[in-house]
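As C-alpha cells, the structure follows; a few thoughts come after it.
When reading the values below, keep in mind they use all heavy atoms of this one structure, side chains included, and skip hydrogens, waters and symmetry mates. Counting from 1, the numbers follow the sequence of the chain as shown.
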Amino acid sequence: MHHFEFRDGTLFAEEIAVNELADTYGTPLYVYSAATFKRHFEAFDSAFDGLEHMTCYSVKANSNLSVLKLLASMGAGMDIVSGGELYRALKAGVSPEKIVYSGVGKSANEIREALAADILMFNVESLAELEKINDIAEQEGKVARVSFRINPDVDPKTHPYISTGMKKNKFGLDMEHSLKAYSRAVELPAIEPIGMDCHIGSQLTSIEPFLEALDKLLNFNEKLKGMGIEIKYLDLGGGLGITYDEEEPPHPKAFGEALTEKLKDLPMTVILEPGRVIAGNAGIMVTEVLYTKETPSKSFVIVDGAMNDLVRPSLYDSFHRIGEAEQHGRDERDVDVVGPICESGDFLARDRQLPWVHQGERLVCYSAGAYGFTMSSNYNSRRRACELIVDGDKVTVARKRESYEDLIANEL
Ligand code: LLP
C-alpha cells in the first residue's frame with residue numbers, strides 16, 4: 001500500500017502532482033512519501049507486538065538522513081554495514097543501543113568507531129573478525145557485545161546476487177564454525193556473546209525459508225545452552241519481499257504471526273532488519289522523455305534517468321513498473337526504456353508495453369525507494385539526482401541535486 005495515486009489521470013505523491021514536482025525540482029528525481037514510510041514501518045513493527053522485539057531498519061536500503069530521522073522518530077533501531085552508515089544513524093538521532101552492525105568486512109577503524117559509539121552488538125561473520133574485534137576492544141578497554149551470523153544453508157529462492165544464506169555464499173559461519181566461534185568467544189576477555197544472527201537473502205516472497213532457517217537456529221540454540229551459553233538476542237535479519245510486478249509476498253502481519261507462533265515462549269529479544277519492505281514502495285523515480293526513436297526492430301524511449309540513477313534493472317534484470325505521470329490514453333507499444341549512458345546495459349525496462357509517450361513528458365519508475373538512490377553513482381559524470389520527501393502537501397528537499405562542482409570537489 002502506498003500514497004502514489006492517480007486523480008483524473010494525474011499522478012499524485014500524497015497531495016502533490018508528480019509533474020509539478022518535476023517542473024520545480026527537475027529530473028531525474030526521487031520522490032518519497034512520508035506517509036508510506038510511516039505506514040510501512042508501523043505495519044511491520046506492530047506485526048511483532050506479541051514478542052519482545054526491536055525493528056532495526058536496514059540503512060543500506062535508503063540511507064537519506066531525512067528518511068533515517070523519520071524512522072528514528074518512530075522508534076526504529078538501525079542495522080548498519082559500514083562506518084558511514086553508523087555516522088548517518090547517529091546523526092539521525094538513533095540511540096546506539098538500537099544499532100546492530102552486520103557485514104563480512106568490518107575494518108579496524110570501523111570497529112573502533114562502533115565500540116566508541118557503544119552500539120548494541122556486532123554481527124560477527126568470521127573467526128578472524130572475532131579475534132580482531134577482541135584485540136581492538138582490549139586496546140580500548142571495552143567489552144564488545146557480539147552475535148554470530150550463522151549461515152543456515154537455506155535456499156531463499158531469490159536472485160542469486162541477493163541470496164546470502166547458502167553454503168556457497170560469503171556470508172556468516174556454517175553451523176560447525178559457529179559452535180567453534182561461540183566456544184572461542186567465551187574465552188576471549190573483551191568479548192561478550194549475547195546474540196545469534198542470520199540473514200538468508202533479500203526479496204523473499206514466501207515465509208518457508210525464514211521458518212526453515214529459524215528452526216535451524218533454534219536447534220543450534222539448544223547446543224549453546226548445553227555449553228552453558230545464554231543468548232539474549234535473536235536477530236533474524238531482513239529480506240521480506242515486496243510487489244514489483246506480480247509477486248505476492250506475505251504481508252508483514254502474516255510474517256509476524258508465523259514468527260510469533262514459533263518464538264512466543266523464547267526468552268529472547270527478537271531483532272528484525274527490514275529494508276526493502278519499509279522503503280521499496282515508499283519511493284518513485286521520475287524521469288523525463290528526451291527522445292523517442294524507432295528502428296526497424298525496436299522502439300526506444302530515451303529518458304534522462306539512467307543506470308547510474310537506478311541500477312537494479314541493469315544489475316539484476318529487475319522489473320520496475322513504469323508508467324506515465326500524466327495519462328494521455330494513447331495506444332500501447334512494445335518499447336525499451338533506456339537512459340543516456342554509453343552502455344547497452346543501460347535500460348530501465350526492456351520489451352515493455354507502454355503507452356507511446358512524447359518528448360518532454362514524464363515517466364515514473366515505481367518501487368524505487370529501496371536500493372535506488374543508495375546504489376546510484378556518478379558514472380558518465382552524471383550528477384546524482386535530487387531526493388524529495390512529500391508529507392501531505394509539504395515538500396522537503398531531502399538531498400539536493402549534485403552540481404558540476406560537487407562532481408570534482410574531491411579531485412586535484
Ligand atoms: N540485513 C542484512 C544483514 C542484509 O545484508 C540486508 C540486505 C538486510 C538486512 C535488508 O534486506 P531487505 O529487507 O532489504 O531485503 N541491492 C539489492 C539488495 C541487496 C540486499 C543486501 N542485504 C537489490 O537491489 O535488490
_Holding to ring-ring contact (aromatic ring centres under 6.0 Å, His included), I want the full list of residues that pass it with Tyr379, two or more places apart in sequence or in another chain._
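For Tyr379, no residue satisfies ring-ring contact (aromatic ring centres under 6.0 Å, His included) once neighbours in sequence are set aside.
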Has [X] got a side-chain atom pairing as donor or acceptor with [Y]'s backbone, closer than 3.5 angstrom?
X: Ser318; Y: Arg312; result: yes
X: Glu113; Y: Gly83; result: no
X: His358; Y: Tyr291; result: no
X: Glu14; Y: Ala35; result: yes
X: His328; Y: Glu326; result: yes
X: Gln203; Y: Ile242; result: yes
X: His53; Y: Leu51; result: yes

What heavy-atom pair brings [X] and [Y] nearest, and what distance separates the two atoms?
X: Arg382; Y: Asn308; answer: NE-OD1, 2.6 Å
X: Val104; Y: Lys170; answer: CG1-O, 3.5 Å
X: Val143; Y: Pro189; answer: CG2-O, 4.3 Å

*Does a donor on one side chain and an acceptor on the other come within less than 3.5 Å for Asn123 and Ser147?*
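Yes, because at least one side-chain N or O of Asn123 sits under 3.5 Å from a partner of the opposite role on Ser147.
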Output field: ring centroids [X]/[Y] closer than 6.0 Å:
X: Tyr182; Y: Phe220; answer: yes
X: His320; Y: Tyr244; answer: yes
X: Phe4; Y: Phe12; answer: no

When [X] is tested against each of [options] for side-chain contact (heavy atoms from CB on, under 4.5 Å), which residue passes?
X: Val146; options: Ile191, Asn134, Leu188; answer: Ile191
X: Lys132; options: Leu127, Ile111, Val124; answer: Ile111
X: Val59; options: Leu86, Asp79, Leu68; answer: Leu68

*Salt bridge between Lys298 and Asp336, side-chain N to carboxylate O under 4.0 Å?*
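Answer for the salt bridge query: yes.
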*Start with the C-alpha distance between Thr287 and Asp304, add both sets of side-chain angles, then the distance that settles side-chain hydrogen bond (donor to acceptor under 3.5 Å, both in side chains), and finish with yes or no.*
CA-CA 6 Å; Thr287 180; Asp304 66 358; 2.7 Å; yes
*Taking everything shown except Glu187 itself, do over 12 heavy atoms lie less than 6.0 Å from its CD?*
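Correct, the count exceeds 12.
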Taking side chain as C-beta onward, heavy atoms only, is [X] less than 4.5 Å from [Y]?
X: Ile136; Y: Leu115; answer: yes
X: Arg399; Y: Cys386; answer: no
X: Phe373; Y: Asn64; answer: no
X: Tyr57; Y: Val94; answer: no

Listed partners of [X] passing salt bridge (charged side-chain N to carboxylate O under 4.0 Å, His left out), at least two apart:
X: Glu52; answer: none
X: Asp334; answer: none
X: Glu110; answer: none

*Identify, with sequence neighbours excluded, every residue that meets side-chain contact (heavy atoms from CB on, under 4.5 Å) alongside Glu20.*
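Here the qualifying residues are Ile16, Ala17.
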*Could you pull out all residues at least two apart from Arg333 that satisfy side-chain contact (heavy atoms from CB on, under 4.5 Å)?*
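Partners of Arg333 under the side-chain contact (heavy atoms from CB on, under 4.5 Å) test: Glu294, Val335, Trp356.
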*asked:* For Tyr101, does the six-membered ring have the charged nitrogen or CZ of Lys106 within the cation-pi criterion, i.e. under 6.0 angstrom from the centroid and within 45° of the normal?
replied: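 Yes.
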*Identify whether NZ of Lys or CZ of Arg in Arg145 sits under 6.0 Å from the centre of the six-membered ring of Phe122 and within 45° of that ring's axis.*
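Ring-cation test returns no.
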*asked:* Would you compute the distance between atom CG of Asn281 and atom OH of Tyr32 and round it to the nearest 0.5 angstrom?
replied: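 Separation between the atoms: 13.0 Å.
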